[in-house]
Amino acid sequence: MNVLPVPSSLDHLTVDEFFDQVMRLGEERTLFDARHLRWVDPNGMVGLLVGGTVAGRRQRSLPRLGLPESADVQGYLSRMAFFEAAKGVFEVEAPSRRPPARSSDVLLEITSIAANVDVHAVVDRVQSRAGAILTSRLGYPPTAVVQFCVILSEVCQNIIEHAEAPGWVAAQAYNWARRLGRYVVVISVMDVGRGFRGSLSDEHSARYADRWGDTTALEAAFLHGFTRFPDSGRGQGIQQIRRQVRRWDGAITIRSGTARIGQVPEWDDTPPLVDGLEPFPGAQISIILPAKVGDLWTGDPIPSGSTWARCSSAR
Amino acid sequence: MDRRPDPIRIDVGQVLQRTVTSLYAHLVTRPTGRAVRMAIEARLQSAGTLSLSLIDLSEVVILDFSCADEVVARLVEDATRSLTQEAFFVFRGVQEPHRDQIESVLERRGLATVVETDPGSFQLLGTRTPREERLWSEVERRGLVGPDELAELMADAADPAALESLLERRLAFRSPVSGRVHALSRLIERGVS
C-alpha cells in the first residue's frame, strides 16, 4: 500500500505540492496519512477530497484516510461536514463523538456541486449566514452579501458547465492575525473534471498552435475571458469574479493541470503564474477576501484582541 | 391620438417561483435564467407586434451574471433584433446590488436598457455614448417631445443620428402617427401603477 503523508498544514499554500504528490503515487491503494494534520483550510479540506478522488480513480479502489490525531482538527472537519463529503471518496471511520454545534463559525460547509440545484442551495445557505460575517468581521457593506453570493454562484457554475464532473465548495472566515493582521474569508472550489485545457481545446487550441497547453488555456479563460461557447455573453463568470475580488483587495488563483494562474494583491506574495506542476485533473480555485480596513480595502491591521478574534480551525 | 404600446407588468419573482420551482428564491444559474426568460417571452407573444414590458425585479434578492445575461441582456438583444415585433423594455427594482451585473452583461453585448432604480427614478444602463445619454436624459426629463421641440433638442449636427440610435435601440418610443417621442418611463407611469 502507498502511504501519502498529509502535510501538517494543508491550505492554499501547500495544496499544490500535495496534489503533485498524489500524481506521483503508484497504482497500489493509498493511505492518506493525516495523523499529523494540525491546520487545514477550505483549500486543504476540499483538496483532500479531490486528491482522494484522483487516487481512487487511478488505483481503482477507495483510498484510506488516517484521521488527524488532533481532536481540534477532527472537530473542525466534522463541523465542516468533511466526513459526510468523504463517503465514497475515502474509506474512513468518522469520529464517533460529534463536536458541539458552532455553526456561526462556518460560512459554508463542504458542499458537493453536481447540478444547478446545488448552486441554488449554496446561495440560499450563504445568503442567510454571510451577512453577519461579511459586515462585522470583514467590514464589508451590507450589500456585499449579494456580491459574495454572486461570486459563489458563478464559481460553482464553472464546475457544472465546464468540468462535466462533480466538485466541492467550502468557505470559512479566519483570523490571519500573524499572516496579515486581519480577518479573511477563504473560499475553495475544486473539481476533478476535464480542466480548462480540455474545456477550451475544441474552440481555441488552433489559434495557439503548439503553444496550447494548461498555461495558455488558463490565460485564455482567466485573462481574456475566452469560453467554449460561441455566444458573446458567455464566459463572463471568471472575469466578473476577478473584478469583484480585486475591488475587495482579494486574491484569486486557479490551478488546472500543470499550471496555476492568479490575480494577487500587494499583501500576497504568491506568484501570478506557476507552471511545471504535475498534471492534476480538473480545476482548483482559491479565493481569499481580506477584511476592509477603515475606508480602504488595504491598510493598517485591525486592533488585536477582538472578542471574536478566535480562529474556528485548529490553529 | 398616438399609437402607443400598452405596458405589461411582469413580476420576475413570481415568474421564477411559478416557472422554475417554488424552492428557488434567487435568480442564479444560467438554466434558471433561461427558463425565466422563456416564460417572459411566452407572455410577450400574446402582446402583439408593439409592446412595452415592465420587468419587475423588485422581489429578486440575488441576481448573478448568468441570470442577468439570460433575463436582461438576451431579452433586450432579441427584442432589438426582431423584425416582426417592436418590443420595449423597462426594468423595475434595479437596486444597487443588481446594477453591476446588469450593466456588465449589457455592455458585453453592446446593449443598453432603461431601468427604474427607485420609484419614479429612471436611468440608462449599458453601452451608450455621452451624446445618447444627454439626449435620452432630456427626453426623460420632458416625458414627451413633439416634432417642433425636437429641433431645439438637436443642438449639434450629430444629435439626430444619436436620437435615431436611441429609437432603434428601443430606449425611447416615437409614435408613427404623431411623430412625438415618448420617454418609456412616461408610458409606463400612464399604464402601470
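Proteins come first, then strands; the chains are lettered A, B, ... in the order of their sequence lines, and each starts at number 1.
Checking side-chain atoms of E154(A) against main-chain N and O of F65(B) turns up a donor-acceptor pair under 3.5 Å. Of the possible donor and acceptor atoms, none in the side chain of H26(B) sits under 3.5 Å from a partner among the backbone N and O of H120(A).
Interatomic distance, CG of D100(B) versus CD of Q147(A), reported as 6.0 Å (0.5 Å rounding). Separating the CG atom in N116(A) from the CZ atom in R34(B) is a distance of 9.0 Å, to the nearest 0.5 Å.
Residue contact with chain A, scored on non-hydrogen atoms closer than 4.5 Å, involves the side chain of Q101(B) exclusively.
Under the 4.5 Å side-chain criterion, counting only non-hydrogen atoms from C-beta, R243(A) is in contact with S104(B).
When only modelled atom types and interatomic distance are considered, Q157(A) and D64(B) share a side-chain donor-acceptor pair under 3.5 Å.
Other residues, nucleotides and ligands contribute more than 12 heavy atoms inside 6.0 Å of the CG atom of D118(B). Annotation: E152(B), atom CD; neighbour count of heavy atoms from other residues, nucleotides and ligands within 6.0 Å is above 12. Dense packing is recorded around CE of M154(B), with more than 12 heavy atoms of other residues, nucleotides or ligands lying under 6.0 Å away.
Closest non-hydrogen pair, T29(B) versus S153(A), comes out as N-OG, 4.1 Å.
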